[in-house]
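Notes follow the structure.
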Amino acid sequence: MGAKLGLKCVVYQNTGSWGTPVWAAINKIADTTVNPAWDEAEANTRESLIKMTAKTQLALEVTGRIRVDNTDTGYLALRDALYSHNPIDLLILNGPSTENGAHGWRADWHVFGGTENQSLPNVLYMEFTIKPAPTDNLPKKAIVASGSPVFTDVA
Amino acid sequence: MPEARVVDVAEAVAAAIAAGPFTDPPIEPASVERVWGFDLEGDRTTGLRVYVFALAYSQPETATRSEDLKEHKVGVVVAERYTGQGEPPKAWVDARARWVEVNVWDRVGDVRGFEAAGNWPDTGDVSVFDPQLLRELKVFYSEVELAFREVK
């Protein structure tokens, strides 16, 4: 198998419901960086002189860039989520949703940042930061199996 | 049959130049055409001629997961043979240099007002004249190279 490319990673927007999702690729996305990071808590005992650390909660943040295009539904959905309190249901995978083994995350995300560098020679992009929002739909791991994504809790 | 993208861009550049108006200075070109070549020494026709040609294209970077940033380079040559006696007068050359600036550089190099087949002008260079051609052939010869970009 050849190298996996960032170019082939995909961010999907759910245009259906949480229970019956309809995934539409957001094609104007340029880059994404997925940053899962566990919080740590010291868990030392007198049993060992070696420090031990427990995992507590998983901070999940995704940053990325999308080309500004006021006719693109994917861009508009991210922009509208930035300018409101409404979360957006996104599936972020490191491959197409039909490629077995591709994996990532699904959540109702809040869009927290929307930096747009308007320097003279630039093609405009919105740099965004998203994090899971507190909704009834808990964030899930996603892995593609048998040609479609399967969602499970982080435990 | 569809043309190469860079040819589409060159055609749009030629059409924009040909559309005029030619009031500053008031010199109507004898021809404005997209070409693959021209014969500067053998062509004895007179009048100001504009040759537009495709030069190169490239992909400087990927723009998004579905699009690339593409660059198309177009060349424009403005040439005119001086038919008077003696050396071309300074004012005659000045007027041709001004013509290139107004009718090529300002018109199709204007990122705020011009697009060539969906491409915006990005960078450009002008060679104002060729001293050797002016001296030996009495031909004013100016080259403009423009790079246009699009996300597609």
Legend entry - Trace of the side-chain contact (heavy atoms from CB on, under 4.5 Å) decision for B:Trp120 with A:Val123: CA-CA 11 Å; B:Trp120 69 88; A:Val123 173; 3.7 Å; yes
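Follow the hydrophobic side-chain contacts under 4.5 Å out from A:Leu60 and you reach A:Val111 in the same cluster. No continuous path of ILVMFWY side-chain contacts below 4.5 Å connects B:Val32 to B:Leu55, so the two sit in separate hydrophobic clusters. Connection of B:Val78 to B:Trp105 is established within a shared hydrophobic cluster, with ILVMFWY side chains joined at heavy-atom distances below 4.5 Å, either directly or through further cluster members. Linking Ile, Leu, Val, Met, Phe, Trp and Tyr residues whenever their side-chain heavy atoms come within less than 4.5 Å leaves A:Leu93 and A:Trp109 in two separate clusters. Hydrophobic clustering (ILVMFWY, side-chain heavy atoms < 4.5 Å, transitive): B:Val7 and B:Phe114 are in distinct clusters.
Counting heavy atoms of neighbouring residues, nucleotides and ligands inside a 6.0 Å radius, atom CD of B:Glu33 exceeds 12 of them. Other residues, nucleotides and ligands place no more than 12 heavy atoms under 6.0 Å from the CD atom of A:Glu47.
Scanning residues 7-41 of chain A against chain B with a 4.5 Å non-hydrogen threshold yields A:Leu7, A:Cys9, A:Val10, A:Val11, A:Asn27, A:Lys28, A:Ile29, A:Ala30, A:Asp31, A:Thr32, sorted by number.
Here CZ of A:Arg67 is found 15.0 Å from CZ of B:Arg65. Values are rounded to the nearest 0.5 Å.
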